[in-house]
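Following: one structure in structure tokens, then a few remarks.
Letters go in sequence order (proteins before strands), and every chain restarts at 1.
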Number of protein chains: 2
Amino acid sequence: MNSTSDEIKDDYNFISEALIDIYDQIMRIEESEIRKSRFKDITAKELHLIHTIGLHDRKTTSEVSRVLKLSKGTLTANLNNLEKKGYIIRMINQQDRRIINLGLTSKGRLLYRAHYAFHRQLVESCLKGFDGSDIRKMRQALVNVEKFIDEVSSK
Amino acid sequence: MNSTSDEIKDDYNFISEALIDIYDQIMRIEESEIRKSRFKDITAKELHLIHTIGLHDRKTTSEVSRVLKLSKGTLTANLNNLEKKGYIIRMINQQDRRIINLGLTSKGRLLYRAHYAFHRQLVESCLKGFDGSDIRKMRQALVNVEKFIDEVSSK
DNA sequence: CCAAAATAGTTTGAATTTCAAACTATTTTA
DNA sequence: TAAAATAGTTTGAAATTCAAACTATTTTGG
């Protein structure tokens, strides 16, 4: 395909505008889809936290608060809520008893998988009609963004 | 380029994972970049609100609260803060005096342009090395996401 | 023309979320 | 083995959000 520099500029503007708005909508729709299922007591933020805790990692509270850039106090409060609602468990690490390892309950794992499946559906619809090389390009674009973010952060 | 279905599946997983995390980082970095400049009193949420109010539109409070899905009360509070800090002005609409039209002050416009420029930089770094047809594909992917979101919302 | 209904935005009071700082318990260091 | 460092919790205050009640204005229908 042939493109003038004006057309490319329009595309840049379009992409820039769309990106600003789309993510907000994604967060909202993920929350509202999850709340239509059996997981009616979960917010978008909690979904994000459940995702970060993950299925297998046994992360510590400190690791999670670093990744999500939440203060330790805030994370403690969030974990209390998710524990009360039965999605996560705290496990005292027996090698170092200051450390709490985090895990998902079976209910938490179900939620994790439901969320992941929905997200996956979104990505599939996004890449509908794309061939392998297109998808590689898409992947490259995300790697580029990550690199840009790293550069800006460390500067 | 040739790709096996396994490679494509890996790409899907990669893209899915990356998307979940990247936006949070973008929001954070936009806020922290803006705060390094003369606009030290602005949060990511306020940046989003300033962007929505826009340079030329004279939107009403109701329009903005609908777009951002904030209650009218919440928006009033946010607007009070931005007005106090000198970024926006409220203008009573003389045709219908119930309506408040919103506008950016010159300080608000400077902030808008600084934010947009940074966002634009991010998009450019993301699409570095892409040709016109690649960029069209990227644009199509975003249109697909928007369509997916609309379908899910209206179902 | 005017009373009732509708609309735009603000105020209010409660709930939730967040943070930093102080604190407790445990481990590491020197 | 006492002091320092680390992991996580508690605490109190500030910020954010919402729904519902409220004020001011405009539109509607008789």
| Across the strands shown, which category fits A:S65 at heavy-atom distances under 4.0 angstrom: base, sugar-phosphate, nothing? | nothing
**OP:** Report which part of the nucleic acid B:S71 touches: base, sugar-phosphate, or nothing (heavy-atom distance under 4.0 Å, all strands).
**Re:** base
From the candidates C:dT18, D:dT10, D:dT17, the one with an atom nearest any side-chain atom of A:K45 is C:dT18
message = Tell me whether the side-chain N/O atoms of B:S62 come closer than 4.0 Å to OP1 or OP2 in C:dT7.
response = no
Less than 4.5 Å apart, side chain to side chain, heavy atoms only: is that true for B:R90 and B:N80?
yes
Whole-Å distance, B:K72 NZ to D:dT16 C1', equals 19 Å
Worksheet item: With sugar-phosphate meaning primed atoms plus P, OP1 and OP2, does B:T74 contact a base, only sugar-phosphate, or nothing at under 4.0 Å between heavy atoms?
Response: base
On a heavy-atom basis, the closest approach of B:M91 and B:L102 is CE-C, 3.8 Å
Exercise for review: Would you indicate, yes or no, if C:dG9 has its OP1 or OP2 atom less than 4.0 angstrom from a side-chain nitrogen or oxygen of B:R97?
Suggested key: no
* **Any donor-acceptor pair under 3.5 Å from A:K69 side chain to A:R66 backbone** => no
**Prompt:** Take atom NZ in B:K147; do more than 12 heavy atoms of anything else shown fall under 6.0 Å from it?
**Reply:** no
A:L75 atom CG is separated from D:dG8 atom P, nearest whole Å, by 9 Å
When rounded to whole Å, the CG to P distance for the pair B:N81 and D:dT17 reads 10 Å
Practice problem: Tell me whether the OP1 or OP2 atom of C:dT18 has a side-chain N or O from A:N78 closer than 4.0 Å. | Solution: yes
Rounded to whole Å, CZ of B:R66 lies from P of D:dC18 at a distance of 16 Å
Q.
Does A:N93 reach a base, just sugar-phosphate, or nothing at all? Heavy atoms under 4.0 Å.
A. nothing
Heavy atoms only, 4.0 Å cut-off, all strands: where does B:T76 land among base, sugar-phosphate and nothing? base
Taken to the nearest whole Å, CG/A:L68 to P/C:dC19 is 11 Å
Between CD1 of A:I88 and C1' of D:dG8 the distance, given in whole Å, is 13 Å
Practice prompt. Please check if the side chain of A:K107 supplies one atom and the backbone of A:K85 the other of a donor-acceptor pair under 3.5 Å.
Written response: yes
As its Watson-Crick or G-U partner within any shown strand, both distances under 3.5 Å, D:dC22 has C:dG9
Atom CG of B:D96 and atom P of C:dG9 are separated, to the nearest Å, by 9 Å
On a heavy-atom basis, the closest approach of A:Y112 and A:L104 is CB-CD1, 4.0 Å
Whole-Å distance, B:K59 NZ to C:dA8 P, equals 16 Å
Presence of donor-acceptor pair under 3.5 Å, side chain of A:R98 and base of D:dT6: yes
Per nearest nucleotide of DNA chain D, the residue lying toward the 5' end, B:Q94 or A:G73, is A:G73
Comparing A:A77 with B:I100, nearest DNA chain C nucleotide closer to 5' gives the residue B:I100
